[in-house]
Every structure is written in C-alpha cells, then in structure tokens.
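Note sheet for the following structure.
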Amino acid sequence: MANPIVTRFAPSPTGLLHEGHAFSAGFAYTRAVQAGGRFLLRIEDIDSTRCRPEFEAALLEDLAWLGLTWEQPVRRQSEHFADYGRALDDLTRRGLLYPCFCTRKQVLAEIARIGGAPHAEDGAALYPGTCRHLSTDQRAARIAAGENYALRLDLAAAFAGLPALFWQDQVHGRHSVTLQSLQKTIGDPVLARKEIPASYHLCVTLDDAHQGVTLVTRAIDLMAATPLHRLLQALFGLATPDYAHHPLLHDANGERLAKRHNAPSLRARRQSGEHPAELWRRLGYDPGLFGF
C-alpha cells in the first residue's frame, strides 16, 4: 500500500495573513484531504528581527476560522537551530561551505571593479566568488579579527561526484538540476549569516524531510528555489518529495497580493462579517472540504 500523501503549509509570522495565504493553505489542504492524507502546519520563524508572537497567534486564529485542521505539535523553526547547525557543521567538514566577508555594498563594488559579473536570467547580479578564493589562513585570520561573515555553499564542490539530479512538479512537469544552471541563476548561495543562523533554503529542506512531507505545495515565485533544495537533498541523502507550484493571486490592479503591498488581511475579512465559505468559493475551492 502506498504511503499517504503528506502536505504542509508553512507561513512566516511577519504580518497578518491575506487571501493569497488562504489560497496557498487551501491548495495544500485539499491535496491532502482529497487523497486521504495528512496536512501539517509549520511556523517558519527563523528571522527573529521580523517574526513576532502576536502574528503567530493571529495566523493560528485565521487558519482555524477558515476551517483548517492540522496535526500537533506544530513545528517551529526557531526551536530547531541546533539541528540546522549540525547540518552546517557537516557541510563545513566536507569542505562545501566557505566564509564570505562581503557586504552587499562590497559585492556591488567588486562587480563594478571587474567590469561586470555574470547575471542571473532575471537580470540580478550574481555573487562573483570573491571570498571563495581566500586561503585557509586568510579566512582564519579574518574570523579571529572579529569580521562578520556569512556561510556560502561552494556549488562546484557540492556537485562534484553527484549523479544527474531531477525533481517532479505535478503542475509544471519534470525538471533537471545542473551545476551550470544553478551557477547561472543563484551563484554560490548563502546558507547562514550572523543575524539569521540558518537560511530558508537549508531549514525548509531539512524540515520537509524530517516531517516526512511527500508533496511540497507553494507559490510559483518559490519555484526558482527548488533546484537548490534538490541539491541540498542530494548532499544530505534525503528523499525527494514531489512538488506542486501554484499561481500567485493578484488584486484588481494586477498587483500581487502581498503583505508589503498591504493586501486586505483575513482578520479584516472576518471582522467585516464575511463567512469563510464565501472566501473559499471566491478562491475556487469547495467549502465542503473545510466543513462549511
């Protein structure tokens, strides 16, 4: 008998949830419920400078209002920095991480100095690898001097000896991951920095594996991160889930629904007297799946 599908909704408590979050949560929830599977909730609160307990309390309230139910206990990333630290130590021992002392301003200055650096397909300048070439002694001296640094993954070293990597998206089909494709899109990525001791990419990859997630559902804007997550799975010997990247929601002006664009919150919808069934119908879901 096949293992049951396991999905998750993983919001960050940095503001109030809006309809875009409801659509994403509904997408994961319905995939699990219709297949007789499991739905998990995870709180992605690694950024202590922006995440606040009142926003976590609000999102739990909003999701319950929507009729969602989830397994307990809820996993909070802020409670598992030791796990992420051990994973970083493992990559360091294997020679796959290096300290990067560059600030964003210094990176841009270096790009200007060398007359331009490789650019990602979206036009963003890629990290030119400045600190990758430092010697072991140079790195040790700068760390001993108290310089701030981030930890970057050396893509070329990470791919050495790996077989071809693939992942399957239930919406967008089969994809392959290569060293060349990642070098053209993200360069050597940051996996940890002083203010956030583990990156989204590292945490989400480890958490999905730890929780047994078999189908990762999320918005299409995060699809570009999936090749890196597939590489991290290979490096840690983790199972590869299926993926399903759904469209983003937009307002009447064509603007993406987002906290930074002041999208109307679910709390405001609730306080206006709207019934959850109305919201689910507007988002294209059957309210009956949520008990309405």
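What you find for Ser265 and Ala268 is that their closest heavy atoms are OG-N, 3.0 Å. Nearest heavy atoms, Leu249 versus Glu19: CD1-O, 3.7 Å. When all heavy atoms of Cys203 and Ile46 are compared, the pair lying nearest together is SG-CG2, 3.8 Å. The minimum heavy-atom distance between Leu88 and Ala192, with the atom names listed, is CD1-CB, 3.7 Å. Across every non-hydrogen atom of Thr7 and Ala32, the tightest pair is OG1-CB, 3.5 Å. Here the closest heavy-atom approach between residue Thr178 and residue Phe159 is recorded as C-CZ, 3.5 Å.
Checked by atom type, the side-chain pair Glu44/Ser12 shows no donor-acceptor distance below 3.5 Å. In this model, no donor atom of one side chain and acceptor atom of the other lie less than 3.5 Å apart for Asp137 and Ser135. A side-chain N or O of Tyr98 and one of Asp188 form a donor-acceptor pair less than 3.5 Å apart.
Put simply, the side chain of Leu17 reaches to within 4.5 Å of the side chain of Leu63, judged on heavy atoms. The side-chain heavy atoms of His210 and Arg75, taken from C-beta on, include a pair separated by under 4.5 Å. Contact annotation: the side chain of Val6 never approaches that of Phe39 to less than 4.5 Å [non-hydrogen atoms, C-beta and beyond]. Between Gln77 and Arg42, some side-chain heavy-atom pair lies under the 4.5 Å cut-off. By the 4.5 Å heavy-atom criterion applied to side chains, Cys102 and Cys131 are counted as neighbours. Annotation: side chain of Trp70 is in contact with side chain of Gln72 (closest heavy-atom distance under 4.5 Å). Proximity of Leu162 to Leu179: side-chain heavy atoms (C-beta onward) are nowhere separated by under 4.5 Å. Residues Ile186 and Leu228 form a side-chain contact, since some pair of their non-hydrogen atoms from C-beta on lies under 4.5 Å apart.
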Under the criterion side-chain hydrogen bond (donor to acceptor under 3.5 Å, both in side chains), I'd like the reasoning laid out for His246 against Thr217: C-alpha separation, chi angles, the key distance, then a yes or no. CA-CA 7 Å; His246 61 74; Thr217 65; over 6 Å; no
Might you work through the side chain to side chain contact (heavy atoms under 4.5 Å, CB included) test for Arg152 and Leu97, ending with a clear yes or no? CA-CA 5 Å; Arg152 289 187 182 269; Leu97 293 184; over 6 Å; no
Decide side chain to side chain contact (heavy atoms under 4.5 Å, CB included) for Tyr243 and Arg230; before the verdict, give the C-alpha distance in whole Å, the side-chain angles of both, and the deciding distance to 0.1 Å. CA-CA 11 Å; Tyr243 292 84; Arg230 179 65 188 91; 5.7 Å; no
For side chain to side chain contact (heavy atoms under 4.5 Å, CB included), just list the numbers for Ile5 and Arg38, CA-CA rounded to whole Å, side-chain angles, deciding distance to a tenth of an Å, and then say yes or no. CA-CA 6 Å; Ile5 185 175; Arg38 299 163 53 210; over 6 Å; no
Can you list the steps and then say if Tyr84 with Asp207 is a side-chain hydrogen bond (donor to acceptor under 3.5 Å, both in side chains)? CA-CA 9 Å; Tyr84 310 138; Asp207 287 345; 3.0 Å; yes
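Taking Thr30 as the reference, Gln34, Tyr285, Leu289, Phe290 meet the side chain to side chain contact (heavy atoms under 4.5 Å, CB included) condition, with sequence neighbours excluded. Here Thr103 pairs with Lys105, Gln106 under the side chain to side chain contact (heavy atoms under 4.5 Å, CB included) rule; sequence neighbours left out. Legend: residues meeting side chain to side chain contact (heavy atoms under 4.5 Å, CB included) with Ala22, ordered by chain and number and at least two apart, are Leu66, Leu266, Leu279, Leu283. In terms of the side-chain hydrogen bond (donor to acceptor under 3.5 Å, both in side chains) criterion, residue partners of Asp90 (sequence neighbours excluded) are, by chain and number, Arg94. Legend: residues meeting salt bridge (Lys or Arg N to Asp or Glu O under 4.0 Å) with Glu147, ordered by chain and number and at least two apart, are Arg142. The salt bridge (Lys or Arg N to Asp or Glu O under 4.0 Å) test applied to Glu274 returns Arg282, not counting sequence neighbours. Scored by the side chain to side chain contact (heavy atoms under 4.5 Å, CB included) test, Arg52 finds Glu54, Phe55 as partners (sequence neighbours excluded). A search for salt bridge (Lys or Arg N to Asp or Glu O under 4.0 Å) contacts involving Arg86 returns Asp83, not counting sequence neighbours. With sequence neighbours excluded, no residue satisfies side-chain hydrogen bond (donor to acceptor under 3.5 Å, both in side chains) with Thr136. The ring pair (Phe, Tyr, Trp, His ring centres under 6.0 Å) search around His275 returns Phe292, not counting sequence neighbours. Legend: residues meeting salt bridge (Lys or Arg N to Asp or Glu O under 4.0 Å) with Asp45, ordered by chain and number and at least two apart, are absent.
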Side-chain donor-acceptor pairs of residues 219-226 under 3.5 Å, sequence neighbours excluded:
{"residue": "Asp221", "atom": "OD2", "partner": "Arg256", "partner atom": "NH1", "Å": "3.4"}
{"residue": "Asp221", "atom": "OD2", "partner": "Arg256", "partner atom": "NH2", "Å": "3.0"}
{"residue": "Thr226", "atom": "OG1", "partner": "Arg218", "partner atom": "NH2", "Å": "2.9"}
{"residue": "Thr226", "atom": "OG1", "partner": "Met223", "partner atom": "O", "Å": "3.2"}
{"residue": "Thr226", "atom": "OG1", "partner": "His245", "partner atom": "NE2", "Å": "3.2"}

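The hydrophobic cluster containing Leu68 also contains Phe27, counting ILVMFWY residues as joined when their side-chain heavy atoms lie under 4.5 angstrom apart, directly or transitively. Tracing side-chain contacts under 4.5 Å through hydrophobic residues (I, L, V, M, F, W, Y), one reaches Phe101 starting from Leu153; they form part of the same cluster. Linking Ile, Leu, Val, Met, Phe, Trp and Tyr whenever their side-chain heavy atoms come within less than 4.5 Å leaves Val204 and Leu165 in two separate clusters. Connection of Leu191 to Leu231 is established within a shared hydrophobic cluster, with ILVMFWY side chains joined at heavy-atom distances below 4.5 Å, either directly or through further cluster members. Leu238 and Leu235 fall within a single hydrophobic cluster, where Ile, Leu, Val, Met, Phe, Trp and Tyr are joined by side-chain heavy atoms under 4.5 Å apart, directly or via other members.
Using a distance-only test at 3.5 Å, with no hydrogens or angles considered, no donor-acceptor pair links the side chain of Ser24 to the main chain of Gly20.
A distance of 10.0 Å separates CG of Asp208 from CG of Leu215, quoted to the nearest 0.5 Å. Within the model, atoms SG of Cys100 and CG of Asn148 stand 11.5 Å from one another, a figure rounded to the nearest 0.5 Å. Asp242 contributes atom CG, which lies 6.5 Å from atom CD of Gln168 (distance to the nearest 0.5 angstrom). Distance CZ/Arg174 to CH2/Trp167: 11.5 Å, rounded to 0.5 Å.
Within 6.0 Å of OH in Tyr149 there are 12 or fewer heavy atoms belonging to other residues, nucleotides or ligands.
Between Arg76 and Glu56, at least one side-chain N (NZ, or NE/NH1/NH2) sits under 4.0 Å from a carboxylate O, which counts as a salt bridge. A salt bridge is defined here as a Lys NZ or Arg NE, NH1 or NH2 lying under 4.0 Å from an Asp or Glu carboxylate O, and Arg270 with Asp62 meets this definition.
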